[in-house]
**Student:** 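There's a structure below that I have some questions on.
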Amino acid sequence: METKYIFVTGGVTSSLGKGIISASLAKLLQARGFNVTIQKFDPYINIDPGTLNPYEHGECYVTVDGHEADLDLGHYERFINVETTRANNITTGRIYQNVIEKERHGDYLGKTVQIIPHITDEIKRNVKLLGTKNKYDFVITEIGGTVGDIESHPFLESVRQLKWELGKNCLVVHLTYVPYIAAAKELKTKPTQHSVKHLQEAGVQPDILVLRTEHELTADVRRKVALFCNVEPKAVFQSIDVPSVFEVPLKMQEQGLDSVVLEKVGVEVGPTPELAPWRSFLNRIYNATEKVKIGLVGKYVELPDAYKSINEALFQAATYNDRKLDLVFIHSEKLNEGNAEELLSNLDGIVVAPGFGNRGIEGKFVALKYGREHNLPTFGICLGMQCMVIEFARNVLGYSDANSTEMDEKTTHNVIDLMEEQKSVSNYGGTMRLGAYECDLLPESKAAKAYGATHIKERHRHRFEFNSDYRNEFEKAGMKCVGENPDTHLVEVVEIPELKWYIGTQYHPEYTSTVLKPNPLFVDFVKAAINK
Ligand code: GLN
């Protein structure tokens, strides 16, 4: 079958859940046996989100091939369990960078380089790359931002051209918002009409509308929207607030979003898939009554998206342990020896978050010391693992000035140090140790038992590493290096076997945790927390 391209655009406001709608549609098509991928086009000028701080766009997700990506790629992977790559996340910055490189290379043969056709051609080339290279049946492209933004114009222009070129093989799904005015007790469709007009001004006629709403849409509202927006009434869907985002695919299937898509691209619809494993996950969410209380220690507590993948991995792990996740964010800058007991003693487990720089680092040591001394299940991720090592060096090995050279270049006990290949790096973007690396686990370790494997692959994002000069000392004192890279021998996992569950990973296991395939280390951690 020829690749079908589906664009998902958004209007009225951001945060309507374009990523979830894209992922849900992908899920439904995948359940029908199609080969599906999703990509995100972000209109900002950064080359990738790797250099953005979490206040801007939340967490930076990392793909298997080491791309620092928009967090929506995390939703895509969690929903459809298909790995994304660098090709699944394009920004305006990357588009311009490619075009400018080609221009310097003389590829444009002396022509004036312009937004149309050169930038739009580059966008179109990138849209189609996954379809042609990997032979996907469906490539779903989410266009970031909101219709009407200056930045998104070249993307919409490319969609217009592609719709024209691809004909039936191309569809546009537009997501908008229908507000409810409580005083008038009315749902209002005007913002939707305006946002569709914006799209039409760009020459793009949406084929399907998804209306985000907090109240059920009446048949009347749907008819009205269909009439004003040139869309068939059966192609107007509602996306109503649901207690769990994992219900969205089911809600969309009930209304027939996937079958309307198939009809419109001329593919036989066939029987509706049951989505049994997905439903069983949802049932476990709703049936869990007992709670497991996990404290996440980090410096971005006011920003739930900063640790998106960790939250999701913990949620999946709790669900697979038939528990409700009670996640408490603990601000590492506010945690100290004086309030540790008060803030940590009622937890079942502690996760110490990844991060960069000095801010809030002392609070992480306090949490780790508390976890270690109280035998509370404790999980250190990336910087969290490095802090585990530093805390152990300070309080067990007695090196009171032990540190990472990231925090103190002059420390005499650099138990965490810059990796050799990082010493000459001067550019910030995309230069860390990124993406999936292999790791061998000691068979008797808790980590190996959790994975049920001694050879794993997980994704990284860091510049610093465990300093192997200290390895023997740590091991003698009770902190074992149980995971290492088979080629470079970098230490990837540490644990204290004496304790119930005290494990730190230099990698980020949260990136590989999906709804139907939760990461085993998270599942095991939550299990230990429950059995505490
Ligand atoms: N800042 C640390 C490093 O670069 C840890 C990074 C992280 O937690 N992702 O090594």
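What you see is a predicted model; the values in this text were computed from it and never measured. Start at 1 and go down the list; that is how both ligands and their atoms are numbered.
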**Student:** Would you mind running through ligand 1 and noting each atom that sits below 4.0 Å from a heavy atom of Cys382?
**Tutor:** 5 (C), 6 (C), 7 (C), 8 (O), 9 (N)
**Student:** Which residue, Lys308, Glu77, His75, forms the side-chain contact (heavy atoms from CB on, under 4.5 Å) with Tyr61?
**Tutor:** Glu77
**Student:** For ligand 1, which atoms sit closer than 4.0 Å to a heavy atom of His508?
**Tutor:** 9 (N)
**Student:** I want to know whether Phe522 and Phe379 have ring centres closer than 6.0 Å.
**Tutor:** yes
**Student:** What are the atoms of ligand 1, with element, lying closer than 4.0 Å to any heavy atom of Glu406?
**Tutor:** 1 (N), 2 (C), 3 (C)
**Student:** Atom 10 (O) of ligand 1: which protein heavy atom is closest, and how many Å away?
**Tutor:** Phe464 N, 2.8 Å
**Student:** What protein heavy atom lies closest to atom 4 (O) of ligand 1? Include the residue and the distance to one decimal.
**Tutor:** Arg463 N, 3.0 Å
**Student:** Any non-hydrogen atom of Glu465 lying under 4.0 Å from ligand 1?
**Tutor:** no
**Student:** Would you say the rings of Phe155 and Phe7 are close, in the sense that their centroids are separated by under 6.0 Å?
**Tutor:** no
**Student:** Tell me the protein heavy atom at minimum distance from atom 6 (C) of ligand 1, and give that distance in Å.
**Tutor:** Gly355 O, 3.3 Å
**Student:** For the pair Tyr320 and Phe281, name the ring-plane relationship: parallel under 30°, tilted 30 to 60°, perpendicular over 60°.
**Tutor:** tilted
**Student:** Are Arg78 and Ser309 close enough that a side-chain donor and a side-chain acceptor fall under 3.5 Å?
**Tutor:** yes
**Student:** Do any nitrogen or oxygen atoms of Met432 come within less than 3.5 Å of a nitrogen or oxygen of ligand 1?
**Tutor:** no
**Student:** Is the closest basic N to carboxylate O distance between Lys40 and Asp42 below 4.0 Å?
**Tutor:** yes
**Student:** Please determine if Arg461 has a nitrogen or oxygen closer than 3.5 Å to a nitrogen or oxygen of ligand 1.
**Tutor:** yes
**Student:** Phe474 and Phe392: aromatic ring centres closer than 6.0 Å?
**Tutor:** yes
